[in-house]
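For reference, the structure discussed in these notes is given below.
Side-chain atoms are counted along with the backbone in the values below, which use heavy atoms only and exclude waters and symmetry mates. Here is how names work: the chains are called A, B, and so on, in the same order as the sequence lines, proteins then strands, and each is numbered from 1. Keep in mind that what you see is a predicted model, and the values were worked out from it rather than measured.
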4 protein chains.
Amino acid sequence: MTADHASLIVQGEDRVGLVAAITSVLTAHDANIVSLDQYSDDPAGGAFFQRTVFRLDNLKAALPALEKDLQKNLEKRFNLRFTLRDLSVPRRMAIFASKSDHCLLDLLWRQRRGELPVTIPMVISNHPDTAEDVRAFGVPFFHVPSSGPDKSAAEAEHLRLLQGNVDFIVLARYMQILSGEFIEKVGVPIINIHHSFLPAFIGAGPYNKAKERGVKLVGATAHYVTEELDQGPIIEQDVVRVTHADTITELQRRGADVERVVLARAVKWHSEDRVIRNGNHTIVFA
Amino acid sequence: MTADHASLIVQGEDRVGLVAAITSVLTAHDANIVSLDQYSDDPAGGAFFQRTVFRLDNLKAALPALEKDLQKNLEKRFNLRFTLRDLSVPRRMAIFASKSDHCLLDLLWRQRRGELPVTIPMVISNHPDTAEDVRAFGVPFFHVPSSGPDKSAAEAEHLRLLQGNVDFIVLARYMQILSGEFIEKVGVPIINIHHSFLPAFIGAGPYNKAKERGVKLVGATAHYVTEELDQGPIIEQDVVRVTHADTITELQRRGADVERVVLARAVKWHSEDRVIRNGNHTIVFA
Amino acid sequence: MTADHASLIVQGEDRVGLVAAITSVLTAHDANIVSLDQYSDDPAGGAFFQRTVFRLDNLKAALPALEKDLQKNLEKRFNLRFTLRDLSVPRRMAIFASKSDHCLLDLLWRQRRGELPVTIPMVISNHPDTAEDVRAFGVPFFHVPSSGPDKSAAEAEHLRLLQGNVDFIVLARYMQILSGEFIEKVGVPIINIHHSFLPAFIGAGPYNKAKERGVKLVGATAHYVTEELDQGPIIEQDVVRVTHADTITELQRRGADVERVVLARAVKWHSEDRVIRNGNHTIVFA
Amino acid sequence: MTADHASLIVQGEDRVGLVAAITSVLTAHDANIVSLDQYSDDPAGGAFFQRTVFRLDNLKAALPALEKDLQKNLEKRFNLRFTLRDLSVPRRMAIFASKSDHCLLDLLWRQRRGELPVTIPMVISNHPDTAEDVRAFGVPFFHVPSSGPDKSAAEAEHLRLLQGNVDFIVLARYMQILSGEFIEKVGVPIINIHHSFLPAFIGAGPYNKAKERGVKLVGATAHYVTEELDQGPIIEQDVVRVTHADTITELQRRGADVERVVLARAVKWHSEDRVIRNGNHTIVFA
């Protein structure tokens with residue numbers, strides 16, 4: 001379906017003529033625009049963002065010339081940054097998990113049924129519990145225990161496994177905090193699912209805190225991981241209704257259903273180049 | 001806020017280069033694109049739809065030249081149809097009502113607080129009940145009773161009041177069926193709110209039918225009126241949860257909240273040129 | 001509809017036989033139970049809550065004897081507290097407002113339409129803007145300006161107007177903070193609508209904070225007012241989806257729709273005795 | 001968690017004193033009520049429904065005496081029907097599936113995770129595709145091909161496998177229509193998930209029909225199977241938002257997420273005795 005399809009993400013300072021400039025280059029190369037979304041955060045001199053998906057016969061052969069033209073017309077003339085990507089090449093996604101299986105299994109299953117344009121080169125877990133389930137999907141499972149407060153050995157092992165092999169990482173209810181050093185060294189985007197409607201209930205035990213506060217909805221938030229815990233750019237959120245009668249266990253059960261769909265949407269959108277980071281915000285062309 | 005802003009709606013047969021062609025004309029006139037949405041219902045030779053909002057200094061003076069260029073470059077070269085509209089000129093909206101006030105008051109109030117880019121030249125009702133409320137908003141109220149099965153007299157009166165004075169009509173829980181002849185003669189779009197999730201429960205008494213069938217959600221549907229009852233292109237829909245314990249009165253009460261927000265969204269989108277009719281479907285760039 | 005109907009709220013320490021004890025008293029008086037909800041926050045020795053609505057011929061005449069029996073059988077035997085209320089007597093609700101009219105008008109409409117079992121003896125506002133709208137509903141409007149940081153004069157005036165005249169107060173986007181002294185002196189429940197999904201974005205400017213954090217949903221929370229700002233027991237919450245493209249103005253517009261329905265639900269449930277306060281939590285038998 | 005817990009479902013003609021009569025019997029046996037829900041479809045002489053969950057030490061030993069007392073006090077005195085069930089004995093659920101795996105796997109996951117109080121003695125499918133997945137859960141898989149319009153051989157095989165072994169059947173996107181004869185002979189409740197918001201889009205191809213009609217939401221409906229296709233009592237429904245840009249494939253993908261959660265809720269509620277059938281309606285004490 002995505003044969004000969006590519007995505008072009010452009011961002012920079014907004015000014016008159018950007019959409020025309022971008023689409024004219026595409027037209028000059030006979031590219032047929034399949035979808036186009038653009039956004040400017042301030043019509044008067046703000047930042048400009050555009051996502052274009054186009055179809056181009058013999059894409060692989062045609063990309064280098066198109067890229068050169070985009071450099072000439074976008075980078076040099078308008079000082080825009082762009083990324084161009086052949087959509088027939090799936091993103092490589094590593095999954096980190098712990099004991100909970102609901103997000104992990106949901107991603108493995110969606111990938112198998114063709115909902116996510118990714119490959120899954122590995123699952124890494126600090127617990128061995130889900131090994132058999134993961135391998136039944138034909139995906140390698142690596143058990144890297146976390147041994148106390150010093151995570152350097154575990155993170156070194158993570159880096160050995162990951163580097164060069166993955167394009168992004170998903171923390172599917174992974175219960176360890178990644179060090180700033182790891183985040184920097186691994187050098188690929190990391191998506192986390194937090195089990196609350198951020199910024200409510202940051203940190204550990206959000207369902208306990210939700211019960212304590214007596215809220216009438218519980219939620220989940222998918223966000224990019226930054227060094228500051230639960231503070232990274234939010235990709236997607238959703239909530240589900242609860243009542244006074246729901247125990248913490250019941251909040252967890254209801255929340256789990258939200259967690260897996262919120263994470264699945266975030267992963268799908270990220271892997272389709274629909275999410276653009278802009279400082280601590282995201283532009284989501286969903 | 002919308003001074004010097006215009007919308008440009010373009011539709012026609014999809015082919016390579018349309019977005020570039022449209023935006024290049026805009027750029028040549030120094031128009032700054034504020035938002036752009038496009039859609040093709042089939043990448044291989046389907047129908048193409050684009051909505052562009054742009055800002056152009058001294059818009060009123062500049063529009064004729066732009067229009068001429070669009071005719072030359074879009075109509076003649078690509079056989080595209082387009083409409084160009086100065087967004088500082090609000091649409092004129094007539095409201096038809098009966099006894100229920102929830103949709104009527106909600107629209108009057110949203111217009112007054114500046115949420116809807118419309119003026120309301122008149123409210124027409126077959127019952128006098130809401131006259132005082134309507135006039136408190138400074139809006140003329142006309143009572144046109146419906147007298148039995150022959151609607152020709154009432155509809156003739158409607159046409160006298162409406163023709164030349166309105167750009168579209170909203171049926172805010174108006175309980176009379178419009179004749180095909182009226183729809184044709186009045187010649188402007190008509191938006192209706194039906195109190196069910198269409199195509200479930202077409203026709204009269206949808207809440208009674210919903211209770212009878214034992215559904216767990218009730219809904220509302222805003223659609224363009226066509227000669228065939230409740231069959232016109234759907235603009236917006238939404239639902240609300242109900243239970244076995246809700247009486248028909250309670251279904252009506254819960255449903256009323258959905259009706260007014262669904263209708264308000266449809267009216268807002270229509271009056272901002274976000275809805276394009278395509279056969280019995282709508283493209284909604286919301 | 002509520003003629004000869006009463007509500008009975010019972011709470012205390014849970015133990016075997018409470019439902020039987022309560023309903024047996026009702027049966028002995030020939031009361032027909034219309035609805036019954038009960039909840040225990042811990043099956044092993046927790047707190048017990050029950051709401052019963054029943055129908056009893058010649059209710060007014062029969063209540064004193066029933067009350068006496070309940071005292072004997074519930075208070076003395078089981079140490080339960082109870083409140084018994086004739087549902088044909090509507091609660092008297094004062095509304096506090098400022099400049100925003102969306103929550104205020106929505107409550108006035110719903111009350112007039114018969115959706116809320118309350119009377120509205122007065123609206124108090126620190127701004128005169130909504131006086132005409134309020135009085136069109138036949139409701140007295142009192143303008144009590146707030147003059148600087150010392151609120152004692154304004155609050156004294158509030159107390160003079162309120163005391164003896166109202167059963168509860170609703171802050172319909174009232175932008176002043178009530179003093180602990182006022183809350184204590186006025187002696188009736190106060191319901192506030194906060195324009196965020198609490199506990200996210202406590203305090204002023206929640207929509208600005210929501211934009212700053214880049215959330216994908218905005219919400220509203222109805223809660224009982226306590227001395228600690230935005231910390232009182234939550235009655236109801238809901239959210240609506242937003243995107244990166246929504247400005248703060250647009251967040252406010254979308255949020256306003258959620259605020260008014262959340263507040264309306266909280267007011268309806270409170271006035272139907274469906275909400276029981278339990279420390280900083282609520283039991284909502286909705 | 002459910003050790004020594006039982007559910008008591010009572011239904012019959014409403015009259016004064018039923019709740020007191022039921023709970024007094026429970027109290028006499030020292031049963032501690034954990035939750036109680038009741039409903040009367042008409043306060044004046046309608047039908048009465050009550051679900052009570054209670055805790056009773058040494059439940060298994062105590063049940064026969066309690067049952068006898070209930071017969072005496074409910075059946076004989078008030079002509080009420082009741083069912084009493086030890087909640088520590090899980091219901092036995094057979095799943096019928098075809099090629100689609102989303103509902104099937106979701107139920108298997110949830111059961112393994114402990115979310116559903118059921119055992120799964122077998123999965124029956126007319127296609128062999130999911131055999132390996134099912135057996136990985138330790139659940140027997142039986143392939144019973146459907147061979148043409150005459151289903152009598154297949155249904156005879158179904159009956160041989162099912163009879164005596166299951167308490168209810170779930171059709172997890174099973175694409176064959178069951179005969180009225182089979183439904184009668186198998187003699188246990190059958191829950192189906194239909195991939196539309198019934199009564200819209202009855203029968204085959206609801207997503208195609210939804211696309212054709214241009215709806216803005218697609219939904220799913222879990223209902224008990226009766227001889228008339230898609231007409232049985234509705235247990236649960238939900239919807240998800242779609243747009244003009246969604247293809248039929250995309251509608252199916254979005255709808256699949258709704259189907260599996262709607263079916264999971266219906267199965268959970270049914271297996272916890274929360275659903276009472278009443279003609280073509282359901283009372284759901286969720």
Side-chain angles (χ1 to χ4, degrees), chain A residues 1-2 34-37 53 99-117 129-138 173 238 240-265 268-269 272 274 285-286, chain D residues 1-2 34-37 53 99-117 129-138 173 238 240-265 268-269 272 274 285-286:
Chain A
M1 197 194 318
T2 52
V34 172
S35 82
L36 185 157
D37 296 281
V53 172
K99 287 188 171 181
S100 293
D101 66 356
H102 58 284
C103 288
L104 170 64
L105 291 179
D106 197 56
L107 290 176
L108 289 166
W109 168 75
R110 286 183 194 270
Q111 192 272 345
R112 183 178 75 178
R113 76 192 315 237
E115 281 189 19
L116 302 174
D129 310 51
T130 58
E132 205 176 332
D133 276 335
V134 170
R135 288 173 182 147
F137 282 91
R173 293 300 310 277
D238 217 333
V240 68
R241 191 159 282 276
V242 298
T243 79
H244 62 269
D246 289 314
T247 60
I248 291 174
T249 304
E250 183 66 11
L251 297 189
Q252 288 167 334
R253 194 187 67 71
R254 288 181 191 270
D257 279 0
V258 182
E259 293 166 27
R260 67 177 189 176
V261 295
V262 166
L263 181 58
R265 280 185 223 142
K268 182 172 167 62
W269 294 340
E272 293 174 346
R274 294 180 183 275
F285 292 130
Chain D
M1 197 195 317
T2 50
V34 172
S35 82
L36 185 158
D37 295 282
V53 173
K99 287 190 172 180
S100 293
D101 65 357
H102 57 286
C103 289
L104 170 64
L105 289 179
D106 198 54
L107 290 175
L108 291 166
W109 287 336
R110 289 181 191 269
Q111 192 272 344
R112 185 175 71 176
R113 215 175 272 146
E115 284 187 20
L116 302 174
D129 309 51
T130 59
E132 204 176 334
D133 276 337
V134 170
R135 288 174 181 147
F137 284 87
R173 295 298 311 277
D238 216 334
V240 66
R241 191 159 281 277
V242 298
T243 80
H244 61 268
D246 289 314
T247 59
I248 291 173
T249 304
E250 183 67 11
L251 296 189
Q252 289 167 333
R253 197 187 63 72
R254 289 179 190 269
D257 278 0
V258 182
E259 293 166 29
R260 62 179 190 168
V261 296
V262 165
L263 181 58
R265 278 185 223 141
K268 183 172 165 61
W269 294 339
E272 294 174 346
R274 294 180 183 275
F285 292 130

note = When the 4.5 angstrom heavy-atom criterion is applied to D:Ala256 and chain A, the contacting part is side chain

task = Answer yes or no: is there a side-chain heavy-atom contact under 4.5 Å between D:Glu115 and A:His102?
result = no

query = Salt bridge between D:Asp133 and A:Arg112, side-chain N to carboxylate O under 4.0 Å?
reply = yes

key: chain D contact residues among residues 104-111 of chain A, heavy-atom distance under 4.5 Å   = A:Leu105, A:Asp106, A:Trp109, A:Arg110

task = Kindly write out the residues that satisfy side-chain contact (heavy atoms from CB on, under 4.5 Å) with A:Ala286, not counting sequence neighbours, or none if the list is empty.
result = A:Trp269, A:Val284

